[in-house]
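Structure, as structure tokens:
Counting begins at 1 with the first residue of the sequence.
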Amino acid sequence: MGVADKIAQELDDLHADETSPGMAAVALDLARGIDGTDVPGVKAKAAHELRSIMADLRRLAPVESKGDAVDDIAEQRKKRRAAARDQAADG
């Protein structure tokens, strides 16, 4: 798996095409350039620019809300309360 494949996966994870499609395209182009050359100076310059763009894209990425223990407890409480209301209504 080359640099371009890894960058493409990260761009997808960051939803970069939605937030900054131009920067995402440049990042992918730089990654392909890294994969397509054996010239160390060219790779180094492209990697430097790619690192900078990826840092910006990570900052711009939407924050995904992933459930944690507190969310799990709240969800369980919500289910118990709903079950109790249903039982009381049937009672």
Heavy-atom check, side chain of [X] versus side chain of [Y], under 4.5 Å:
| X | Y | result |
| --- | --- | --- |
| R32 | I7 | no |
| M23 | L60 | yes |
| V3 | L50 | yes |

How long is the span from the [atom1] atom in [X] to the [atom2] atom in [Y], to the nearest 0.5 Å?
| X | Y | atom1 | atom2 | answer |
| --- | --- | --- | --- | --- |
| R59 | D56 | CZ | CG | 4.5 Å |
| L57 | D13 | CG | CG | 12.5 Å |
| K45 | L30 | NZ | CG | 10.0 Å |
| R58 | L11 | CZ | CG | 9.0 Å |
| Q76 | R81 | CD | CZ | 12.5 Å |
| I53 | L28 | CD1 | CG | 11.0 Å |

Over all atoms of both residues, closest heavy-atom pair of K43 and I34: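 Scanning both residues, the minimum pair turns out to be CE-O, 3.2 Å.
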Check A31 against A4 and note the closest heavy-atom contact, atom names and distance.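 Shortest heavy-atom separation between A31 and A4 comes out as CB-CA, 3.6 Å.
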Do the side chains of K6 and E10 get close enough for a salt bridge, i.e. N-O under 4.0 angstrom?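 Salt bridge between K6 and E10, a charged N being under 4.0 Å from a carboxylate O: no.
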Report yes or no: does T37 contribute a side-chain atom to a donor-acceptor pair with the main-chain N or O of V39 at less than 3.5 Å?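 Yes; at least one donor-acceptor contact below 3.5 Å.
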D5 and Q9: side-chain hydrogen bond (donor to acceptor under 3.5 Å, both in side chains), yes or no, with the steps? CA-CA 6 Å; D5 294 327; Q9 179 60 48; over 6 Å; no
